[in-house]
> 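Let me begin by handing over the structure; questions about it come next.
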Amino acid sequence: MRVGIVAQRGNARAAYLAADIADALPDEVEVWVDAASADAAGLDGHEVSAFSTCDLVVSIGGDGTFLFAARGAGSVPILGVNLGEVGFLNAVAPDDAVAAVKQEVERYLETGAVRSRDVPRIEASGADWVLTPALNEVVVQGPQRGHGQGVTVEVRVDGSLYTASHADGVLVSTPTGSTAYNLSEGGPLVQPGVHGFVVTGMCAEDAMPPLVTQTGSEVTVRVDDAEHAVVSSDGSNTREIETPSEVTLREADEPARVAGPASDFFQALGKLE
Ligand SMILES: NC(=O)c1ccc[n+]([C@@H]2O[C@H](COP(=O)([O-])OP(=O)(O)OC[C@H]3O[C@@H](n4cnc5c(N)ncnc54)[C@H](O)[C@@H]3O)[C@@H](O)[C@H]2O)c1
Ligand SMILES: Nc1ncnc2c1ncn2[C@@H]1O[C@H](COP(=O)(O)OP(=O)(O)OP(=O)(O)O)[C@@H](O)[C@H]1O
């Protein structure tokens with residue numbers, strides 16, 4: 001079994017906790033530590049982009065660290081330990097981290113699988129490009145946000161026109177991402193497990209109420225009337241596209257997998273206050 005650990009870059013507490021977890025695991029488990037944290041501790045590190053070959057990935061940090069770990073992990077189960085300010089994606093408290101990881105490792109050694117929940121991701125693509133699937137959301141927007149900026153968008157669901165407007169952009173969120181950027185833009189909270197994505201307009205001039213689509217549907221966003229447009233996945237994997245052009249959003253073939261104990265969704269909402 002191979003366990004990959006991603007500790008928040010530059011955070012000594014995260015690096016110590018990574019070392020504690022590594023020390024607590026049986027010798028038969030190979031432990032990889034991300035390059036930045038390993039370098040700080042004088043160890044050999046591994047690029048997080050190779051963590052899709054692990055059997056379990058542990059993220060120690062905040063939501064940004066979890067999203068970073070998820071980009072490398074692909075569909076490998078990720079257990080999130082919260083050292084962040086919000087830590088909505090991280091169900092495990094630091095004091096419980098060693099026990100929670102040991103429990104999943106023991107489960108894997110006994111049964112060949114860790115306990116995990118599938119969470120859908122959104123894949124954004126254009127004529128000759130595709131972004132790393134998003135765990136939270138894909139944003140299609142103009143070169144800049146704000147009055148007098150933006151882009152004309154035309155949103156279709158399975159080929160049928162939903163709406164068209166000048167707007168800062170359009171945000172398509174997974175249930176996981178509903179508590180993040182989607183919420184700030186006026187989109188609804190979505191209970192985990194709902195099989196839908198949310199399409200939310202960003203400061204649209206014409207009517208664009210938040211729309212829940214089935215995960216199986218294909219959403220296309222045509223952008224025009226701006227110098228260029230920008231597509232981003234989870235706020236970081238970004239692509240500049242020319243206008244006019246069309247972005248296709250659909251459920252990624254492989255979901256992300258969240259390992260370890262689940263947090264109570266309604267209790268976790270308290271973290272956002
Ligand atoms: N106005 C906004 O609310 C806004 C703007 C830009 C990005 N974001 C979010 O930030 C994410 C990228 O995270 P980052 O840490 O790299 O950037 P960041 O440092 O700008 O973090 C943005 C905030 O979003 C929180 N967050 C991220 N995912 C969340 C989730 N699923 N539920 C609740 N809160 C969540 C983080 O804890 C952090 O407080 C994007 O996926 C997007 O959802 C939010
Ligand atoms: N081990 C790492 N190696 C390389 N980059 C990292 C690593 N950990 C985090 N990062 C980068 O830092 C970003 C997240 O860091 P950030 O400071 O926003 O912390 P966070 O995990 O969101 O916690 P907080 O809630 O305290 O802000 C990630 O998106 C990623 O780009």
Side-chain angles (χ1 to χ4, degrees), residues 4-19 21 32-41 43 45-51 57-73 78 80-94 117 119-122 124 131-141 144-146 168-192 197-198 200 202-203 230-238 256 258 262-263 265-273:
I5 305 181
V6 183
Q8 188 181 42
R9 189 169 43 184
N11 181 337
R13 193 166 166 228
Y16 288 135
L17 195 47
I21 292 169
W32 281 8
V33 176
D34 74 271
S37 311
D39 194 37
L43 300 168
H46 295 266
E47 291 304 323
V48 174
S49 56
F51 279 27
V57 169
V58 180
S59 165
I60 308 172
D63 293 316
T65 305
F66 191 100
L67 293 170
F68 173 70
R71 280 197 289 283
I78 310 164
V81 178
N82 187 26
L83 289 184
E85 278 178 29
V86 178
F88 202 87
L89 299 169
N90 307 281
V92 177
R117 301 170 296 288
V119 290
R121 299 186 293 171
I122 301 170
L131 289 187
T132 305
L135 189 59
N136 271 348
E137 78 287 298
V138 170
V139 173
V140 183
Q141 64 172 72
Q144 277 186 312
R145 297 205 61 180
D168 282 358
V170 173
L171 188 154
V172 183
S173 170
T174 64
T176 307
S178 71
T179 49
Y181 205 173
N182 166 72
L183 191 62
S184 309
E185 294 299 323
L189 293 172
V190 182
Q191 215 178 345
F197 293 146
V198 183
T200 303
M202 300 162 74
C203 302
V230 179
V231 188
S232 64
S233 167
D234 291 340
S236 53
N237 190 217
T238 298
V258 181
S263 47
F265 179 66
F266 296 102
Q267 203 178 340
L269 291 177
K271 293 183 179 185
L272 302 177
E273 284 159 8

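The first residue in the sequence is number 1, and the count goes up from there. Counting convention: from 1, in listed order, for ligands and their atoms alike. Computed over heavy atoms, backbone and side chain alike; hydrogens, waters and symmetry mates excluded.
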> Can you tell if the side chain of Thr179 reaches within under 4.5 Å of the side chain of Leu189, non-hydrogen atoms only?
yes
> With the side chain counted from C-beta on, respond yes when Val139 and Met202 share a heavy-atom pair under 4.5 Å apart, and no when they do not.
yes
> So do the side chains of Ile5 and Ser37 get within less than 4.5 Å of each other, counting heavy atoms only?
no
> Would a 4.5 Å heavy-atom cut-off, applied to side chains only, mark Val86 and Leu272 as touching?
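Val86 vs Leu272: side chains touch.
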> List below, pair by pair, the N or O atoms of ligand 1 and of the protein that are less than 3.5 Å apart, including the distance to 0.1 Å; reply 'none' if no pair qualifies.
{"unit_1": "ligand 1", "atom_1": "3 (O)", "unit_2": "Ser184", "atom_2": "OG", "d": "2.6"}
{"unit_1": "ligand 1", "atom_1": "15 (O)", "unit_2": "Gly64", "atom_2": "N", "d": "3.3"}
{"unit_1": "ligand 1", "atom_1": "28 (N)", "unit_2": "Asn136", "atom_2": "ND2", "d": "2.9"}
{"unit_1": "ligand 1", "atom_1": "31 (N)", "unit_2": "Asn136", "atom_2": "OD1", "d": "3.0"}
{"unit_1": "ligand 1", "atom_1": "31 (N)", "unit_2": "Thr176", "atom_2": "O", "d": "3.2"}
{"unit_1": "ligand 1", "atom_1": "32 (N)", "unit_2": "Thr179", "atom_2": "OG1", "d": "2.6"}
{"unit_1": "ligand 1", "atom_1": "37 (O)", "unit_2": "Asp63", "atom_2": "OD2", "d": "2.6"}
{"unit_1": "ligand 1", "atom_1": "41 (O)", "unit_2": "Asn136", "atom_2": "ND2", "d": "3.1"}
{"unit_1": "ligand 1", "atom_1": "41 (O)", "unit_2": "Glu137", "atom_2": "OE1", "d": "3.3"}
{"unit_1": "ligand 1", "atom_1": "41 (O)", "unit_2": "Glu137", "atom_2": "OE2", "d": "2.7"}
{"unit_1": "ligand 1", "atom_1": "43 (O)", "unit_2": "Glu137", "atom_2": "OE1", "d": "2.5"}
{"unit_1": "ligand 1", "atom_1": "43 (O)", "unit_2": "Tyr181", "atom_2": "N", "d": "3.3"}

> Check whether any side-chain heavy atom of Glu137 sits under 4.5 Å from a side-chain heavy atom of Asp234, and report yes or no.
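Yes. Closest side-chain heavy atoms under 4.5 Å.
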> Identify, with sequence neighbours excluded, every residue that meets salt bridge (charged side-chain N to carboxylate O under 4.0 Å, His left out) alongside Arg117.
none
> Compile the donor-acceptor pairs under 3.5 Å between side chains in residues 8-17 and protein atoms, sequence neighbours left out, one pair per line.
{"unit_1": "Gln8", "atom_1": "OE1", "unit_2": "Asn11", "atom_2": "ND2", "d": "2.8"}
{"unit_1": "Asn11", "atom_1": "OD1", "unit_2": "Arg13", "atom_2": "N", "d": "2.9"}
{"unit_1": "Asn11", "atom_1": "OD1", "unit_2": "Ala14", "atom_2": "N", "d": "3.2"}

> Tabulated below should be the N or O atoms of ligand 2 paired with protein N or O atoms at under 3.5 Å; can you produce that?
{"unit_1": "ligand 2", "atom_1": "1 (N)", "unit_2": "Ala7", "atom_2": "O", "d": "2.7"}
{"unit_1": "ligand 2", "atom_1": "1 (N)", "unit_2": "Asp34", "atom_2": "OD1", "d": "3.4"}
{"unit_1": "ligand 2", "atom_1": "1 (N)", "unit_2": "Asp34", "atom_2": "OD2", "d": "2.7"}
{"unit_1": "ligand 2", "atom_1": "8 (N)", "unit_2": "Arg9", "atom_2": "N", "d": "3.2"}
{"unit_1": "ligand 2", "atom_1": "19 (O)", "unit_2": "Gln8", "atom_2": "NE2", "d": "2.7"}
{"unit_1": "ligand 2", "atom_1": "21 (O)", "unit_2": "Gln8", "atom_2": "NE2", "d": "3.2"}
{"unit_1": "ligand 2", "atom_1": "21 (O)", "unit_2": "Gly62", "atom_2": "N", "d": "2.8"}
{"unit_1": "ligand 2", "atom_1": "21 (O)", "unit_2": "Gly62", "atom_2": "O", "d": "3.4"}
{"unit_1": "ligand 2", "atom_1": "21 (O)", "unit_2": "Thr65", "atom_2": "N", "d": "2.9"}
{"unit_1": "ligand 2", "atom_1": "21 (O)", "unit_2": "Thr65", "atom_2": "OG1", "d": "2.6"}
{"unit_1": "ligand 2", "atom_1": "22 (O)", "unit_2": "Gly64", "atom_2": "N", "d": "2.8"}
{"unit_1": "ligand 2", "atom_1": "23 (O)", "unit_2": "Gln8", "atom_2": "NE2", "d": "2.9"}
{"unit_1": "ligand 2", "atom_1": "25 (O)", "unit_2": "Glu85", "atom_2": "N", "d": "2.9"}
{"unit_1": "ligand 2", "atom_1": "29 (O)", "unit_2": "Gly64", "atom_2": "O", "d": "3.4"}

> Going by the angle between their ring planes, with limits at 30° and 60°, are Trp32 and Phe51 parallel, tilted or perpendicular?
tilted
> Any side-chain donor-acceptor pair under 3.5 Å between Arg71 and Ser236?
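There is such a pair between these side chains.
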